[in-house]
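See below for the structure under consideration.
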Amino acid sequence: MSSNIKKITKNSRRKRFSDEQIKSLETTFESESRPELHLKQNLANNLGLQPRQVAIWFQNKRARSKSKQIEREYSMLKSNYDNLALQFEALRKENQALVIQAQKLRKMADHSKNDVENDNKNQIKIDISSHELCMPDYLEEADVLNMAQIAEGSLASPENVCSLESCTFLDNTGGGAEWWEF
DNA sequence: TTGTGTTTTATTGCCTCC
DNA sequence: GGAGGCAATAAAACACAA
C-alpha cells in the first residue's frame, strides 16, 4: 500500500455503514449476491454511498458468506465423522467378540472330529472309577455317557437323563472328553 | 482505562473473461 | 487491454474482560 493512500485513509476517518444501509445491502444480497453495475449504482445513490463502496461491500460480503458456508460444511462433516467413528468402534468390538466365539467353536469342532475318528477305530475305552470299558459300534456317545453316569450313581431321577444335544458335554471344551480314554 | 481479540471497510495484486 | 471477481492483507472501529 502506498504512503499516499495510507494518508488518504487516515485523514478520511472511515466510518461503518449505518444499520439502514446494512439492512438494504443485506436484502439485496439475499436476492442477488453479484449485482450488476446499474444495480450497484442505484444502491449507492439510494444509500448515499460511493458505487465503489457498494462494490467492495458485496465483495466482502461474498467472502464472509463463503467462509461461513465452509464452517457449516466442516461442522457437518465433523459430525458425520464422529458418528462413523462411534459405529466403527462398536463394529470393531462386535467383530472381536465374534472372532473369539469362532475360535471356541473351532476348538469344539476339532474335539468332535477326534471323537468321530475314534469311533471309526471301533474301540472306545471308558475309565470309570478305575474300570475300563469298551464301547461297541451300536452305542451312541450319549448312551455311553449315560451309562457312565448311572455307573457312578449320579442320576438321582429320570429327568436328569440327557441326550447329547441337551447336555453341556460339547459346551465344556475338554470337560466331557475327560470321560474318554483311548 | 487499556490491552486484546473480533468485525468491518478498504486496498492490492493476480486471474479470467470478453 | 479493461472490467470485474477473488484471496490475502491492512487498518479502523468496535466489544469486552481485567
| request: Would you indicate whether A:Q69, at its atom CD, is surrounded by more than 12 heavy atoms from other residues, nucleotides or ligands within a distance under 6.0 Å? | output: yes

| Does A:K78 have any salt bridge (charged side-chain N to carboxylate O under 4.0 Å, His left out) partners at least two apart in sequence or in another chain, and if so, which? | A:D82

| Quick check: does any side chain N or O of A:T27 sit under 3.5 Å from a backbone N or O of A:K23, one acting as donor and the other as acceptor? | yes

| remark: Scanning both residues in full, the closest heavy-atom pair of A:Q21 with A:S18 reads OE1-N, 2.8 Å

| Near A:E73 CD, under 6.0 Å, is it more than 12 heavy atoms from other residues, nucleotides or ligands? | yes

| note | Taken to the nearest 0.5 Å, the spacing of A:S112 OG from A:E117 CD works out to 11.0 Å

| Between residues 27-38 of chain A and DNA chain C, which residues have a heavy-atom gap below 4.0 Å? | A:R34, A:L37

| query | Could you state the NZ-C1' distance from A:K40 to C:dG4, rounded to the nearest angstrom? | reply | 7 Å

| field | Spacing of CD belonging to A:E71 relative to OG belonging to A:S75, to within rounding of 0.5 Å | value | 8.5 Å

| said: Just verifying a value: how many Å separate A:N95 CG and A:I100 CD1, rounded to the nearest 0.5 Å? | reply: 10.0 Å

| request: Mind calculating the distance between CD (A:Q53) and C1' (B:dT11) to the nearest angstrom? | output: 13 Å

Show every donor-acceptor pair shorter than 3.5 Å between a side-chain atom in residues 84-92 of chain A and any protein atom, with sequence neighbours excluded, or say none if there are none.
residue, atom, partner, partner atom, Å
A:E89, OE1, A:R92, NE, 3.2
A:E89, OE2, A:R92, NH2, 2.7

Identify all side-chain donor-acceptor contacts of residues 35-60 of chain A below 3.5 Å with residues at least two apart in sequence or on another chain.
residue, atom, partner, partner atom, Å
A:N45, ND2, A:Q41, O, 3.4
A:N46, ND2, A:N42, O, 3.3
A:Q53, OE1, A:Q50, N, 2.9
A:N60, ND2, A:I56, O, 3.4

| field | Proximity to DNA chain C (any heavy atom under 4.0 Å), residues of residues 54-69 of chain A only | value | A:Q59, A:R62, A:K66

| note | Sorted by number, residues from residues 43-52 of chain A placing a heavy atom under 4.0 Å from DNA chain C are none

| task | Pick base, sugar-phosphate or nothing for A:I22, based on heavy-atom distances below 4.0 Å to the nucleic acid. | result | sugar-phosphate

